[in-house]
Each structure stands twice: as C-alpha cells, then as structure tokens.
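Scroll down for the structure; my scribbles are underneath it.
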Amino acid sequence: MFPEFTLRYAHFPERFHTRFDPVPVKSPRLVAFNRPLAEELGFDLIAFDATLATDWFSGNRVPEGAAPLAQAYAGHQFGHFNPRLGDGRAVLLGEVTDGEGRLRDIQLKGAGCTPFSRGGDGRAPLGPVLREYLISEAMQVLGVPTTRALAAVTTGERVIRGVPVPGAVLTRVASSHLRIGTFQFFAAQGDSEAVKRLADHAIERHYPALADIASPGERYLALFEAVQARQAVLVARWMGLGFIHGVMNTDNASIAGETIDYGPCAFMERYDPATVFSSIDEGGRYAYTNQPWIAQWNLARFAETLLPLIDDDQQRGIDRATEVLKTYAAVYEAEWLAVMRAKLGLSEAAAGSDSADRGLIESLLEAMHTGRADFTLTFRRLCDAAEGEGHESELVALFERAEPIQAWVAEWRQRLAREGVAVGEIAQQMRAVNPAYIPRNHRVEAALAAAIDEEDFAPFERLMQVLARPFEERAEHADYAQPAPPTAQVFRTFCGT
Ligand code: AMP
Ligand code: MG
C-alpha cells in the first residue's frame, strides 16, 4: 500500500547520512492527510487503511522497503557558518517515483533525536507542523515551487517549548532535500569527491539536460547557473505574493529551487518593503526586500563548493563562477518583471520598454508603501479596476490618501490601452495570478490555536478549503480575504520549531 521505494540516498556512502529509524510515539492520531498528493505519489487509496497510515506517518512503523536515515549538512545561519547541522529531527524514509516518473523524497519531520540533534529534542510541536502543512500547500496552488505536506499526526506526547505543547510529526515530500548546506558540509572538509557525487545526483534528479554537457567543468558550471536560475524564479514568486521566508540560511536553500523549511515565514499585509516577521531575525537580514540579494549571497556560497569541479586552477574557477554570479541580478530582475507585469495585466509584447514598465510597477509599490495599503488586496482590487473607469473605488479605498493611487491608475490605464485586449479579458487574466486568499497570519494563528488548545481541527480544515482555491472569490469566504483587525495583527512570528 505504500508506494515502492526507489532508494537512492541510502546507497550513498556513510559520510552522507546516518541510518536512523524514527522513534515511536505514544498515541498517534492522523489529523491531516493530503489525498491528491498521495494519489500523485502512487498510494493505493482504495485499500487505504487509516490505522496503518497513522503508524507510518507517526514513525511507529517503518514502511516496507524504506531505509530511514538522517542526512548530513552544514550551513550558514544568519551569515555564520556551522560545519555540522544535519537532520536533527527529520528522517528520510526514502525516495518514491511519482506518476510523472520523478523521484520524490518522503521525510518525517519530528521523528526523534538523531545523531545530529545537538541538544534539541528531535520533536516538532503541533503548531509549526500545521503551519508548514497549511502554508506549503497554499504555496503550491499559488504557483510557487515548494516542498509538500502529505500528512500530519499528533503524537499524544508533549514537547517543551517554554511550556508543554502537543507534539506532532509532519510527512514532507520534496523533489529532494539537497541543500546548499549539503554541498557545504563536504566542501568544508575538502571532500571534493563527495561534492562531485552530490552534484551528479543533483544533475540527474533536477537538471537532467545538463548530463549531456561533455566537459565536466562546463557541466558543473552549468549546474551552478541552473540552480541560480531556479532561485531567481523562486524568490521572484515570493516577492509577487508578499511572502517572507524568514530564515534564508544556506541549509534552507534547496538545490531543486523549492521553498523549504517553513519556520517563522509569513505573508505581509500592509506593504512595507522592510517587513521582518521572524523574532530571531533581529538585524532584519531576511527582510522582504533583502530576499533576492540574500538568495544571491547563498548562491555565492554554493559556487564556492563547486570551484574544484569547475576548474583545476582555483583562480580560473573563481573567475568563471563569478561571471555567472554577476548575471544573477539581470536574471532575477527579468523574473520579477515577468511576475509583476502579469499582476498588473501587462504583456512584454505591448511594453514601450522594460524600464518604463519597471517604473510603473515601482511607482505602484511606492504608493502602496506611503498609502499603507494591503499587499494582496491591492492587487486583487486592481483586477476589478482593470474592468474600466469607475471600477477603482474599492482599490482607492485601500489607500490612506486617494490622490496618489488615482494618479497612478490613470497612468496605468494608458499603458493597459496599449495591450489591445478587451478589458474583461485582462481582468480575468489578472484574477488568475492575483489571489483573493492567502494564508493571513491571524487566520493561521487562529486555526493553530484551536487545534492546540481545544483539539478542534475545524478552523484548520476550513482554512485549507479556502486556500485550496485562492483565485476564486467566494462570498461565503469574504472574511478570509480581509486583513487582520487591529487587535489581531501579527508583527512577530516565532520559530519555536
Ligand atoms: P531549521 O531551523 O528547522 O531549519 O533547523 C536548523 C537546524 O536545527 C537543523 O539542523 C535542524 O535539524 C535542527 N533542529 C531544529 N529543531 C530541532 C529539534 N527540535 N531537535 C533537534 N534538532 C533540531
Ligand atoms: Mg532547516
């Protein structure tokens, strides 16, 4: 009933991981299960046995064919290098082949103390587990590359996070759990052979077209460039949604280009580019507006690990990697422009110039900032405004002062006219990229609180339902589109993981 495992990482040499079975929990209860994802992965849902599934997803029973292990990795945390992090509470069961023939990792997060636990308890509290479940699944439908959530189980045990809270296990599915930090772990030890092995694995799994490049140096340089491109796409999508990851350490940067390790992440409400939510990010290193440049910093750390593979001569390797890294700004800017143009109903073909469109987008953001407008609602109400003159009153109402946004709308309408497409059509296209519903922090917090304090999962399920169709405004969910009332605004999110 569990899809067949195609073990790959388990067959890597011992220094890549430690074999480790999940530590059983007291009384597991399956509180969330992602049937569509299970189907995609090849689970037999007709023969679905909830008791068995609960045992698997709690770690109480190792599915047949799995070879559970904790992966080794290092990472720069807030700019400081830690040579040994690794899976301190996550266990990779193995890889399965999905319906499209792609390998997917299945990992239990919160599965007990591993040799990498470094004093942690190896467990996960229910709150962060449900948070990751909600937000990763929301990101998926919002069109952002992301790890997925297959199941959540409560353990019947308490974990201490200042106070005792219910424990849980998340089953996470990823294209892989290769991180920049995985490469750093070996590079820091001067183990180029291991780095090469990882690079080959990354190419095979995520960038198979590169395998045809005959020259090894060119091939690994191309890997760097490909990872860079995916990071640029990823961060551009985050920026288009007002998403703040919160902990963009190199161990949380996926080689596959997926959003991974949802901790104190959040979607911004009132637009302010300097927004930081994470309570542990005191210097604002991972503020909204810094994210594209932090991704680049992380990519530089990745490039450093590949240098010996790129060229035998270190200086030549550095020069070549630097050449690629220098293109990041242009690659990112192009991705961002594409995302933002779509949000504003603009096509590249009808643009006067990139810089004119860029200026138009930036002046909207400026108006949102000074007008203290809600990020998500601004773009959603802009879709209505695209219907034509007289349709912008709800948009304008989001701003503290009407005049700047009215002036901007007039300018935008002139640009829209060049599109040569019926206004209704433009509005419809815009509604397909500007969500009405995002996981608003106060809703997420309320859903988590009900589950934690009252074992009431109804608010969580309702929120999941709303977020499953984010682009479709439904009258019965109107409340979910609204920002937090002043009393419920969330300014700080806690790792507490
Ligand atoms: P994260 O903040 O989740 O990206 O984790 C950073 C590092 O801390 C990783 O090596 C994790 O495995 C480890 N870690 C986080 N929470 C725990 C925990 N409760 N027990 C053991 N290790 C943990
Ligand atoms: Mg992490």
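Sequence positions, counted from 1, serve as the residue numbers for this chain. Ligands are counted one by one from 1 in listed order, and the atoms in each one are counted from 1 as well.
Among the backbone and side-chain atoms of N252, an N, O or S atom lies under 2.8 Å from the Mg ion (ligand 2).
Not a single heavy atom of V247 lies less than 4.0 angstrom from ligand 1. Contact between G122 and ligand 1 is present, with at least one heavy atom of the residue lying under 4.0 Å from the ligand.
Q184 and T250 share a side-chain donor-acceptor pair at under 3.5 Å. Looking only at atom types and distance, the side chain of T146 has a donor-acceptor partner in the side chain of Y262 under 3.5 Å away. Counting only N and O atoms by type, the side chains of E258 and S176 include no donor and acceptor under 3.5 Å apart. Looking at T6 and E95, their side chains never bring a donor and an acceptor atom within 3.5 Å of each other.
Using a 4.0 Å cut-off between charged side-chain N and carboxylate O, D251 and R301 make no salt bridge.
If you check each of G88, S117, A74 against atom 12 (O) of ligand 1, the one with the closest non-hydrogen atom is G88. The nearest non-hydrogen atom to atom 13 (C) of ligand 1, considering only R89, R84, R118, comes from R118.
Using a 30° and 60° split on the angle between ring planes, F33 and F43 fall in the perpendicular class, above 60°. Using a 30° and 60° split on the angle between ring planes, F183 and F302 fall in the perpendicular class, above 60°.
Residue-ligand proximity, G120 to ligand 1, at heavy-atom distances under 4.0 Å covers atoms 20 (N), 21 (C). Residue-ligand proximity, R123 to ligand 1, at heavy-atom distances under 4.0 Å covers atoms 19 (N). Annotation for ligand 1: atoms under 4.0 Å from non-hydrogen atoms of R161 are 19 (N). The Y73 neighbourhood of ligand 1 comprises atoms 9 (C), 10 (O), 12 (O), with distances under 4.0 Å to a heavy atom of that residue. Taking every heavy atom of N252 and a limit of under 4.0 angstrom, the matching atoms of ligand 1 come to 4 (O).
Judged by distance alone, the side chain of Q231 and the main-chain N or O of S254 form a donor-acceptor pair under 3.5 Å. Between the side chain of Y271 and the main chain of G242, no donor-acceptor pair closer than 3.5 Å is present.
Between the Mg ion (ligand 2) and the N, O or S atoms of D261, the shortest distance is to OD2.
For the pair D261 and ligand 1, the shortest N or O to N or O distance falls below 3.5 Å. Considering backbone and side-chain atoms together, D121 places an N or O closer than 3.5 Å to an N or O of ligand 1. At under 3.5 Å, a nitrogen or oxygen of G86, whether backbone or side chain, sits near a nitrogen or oxygen of ligand 1.
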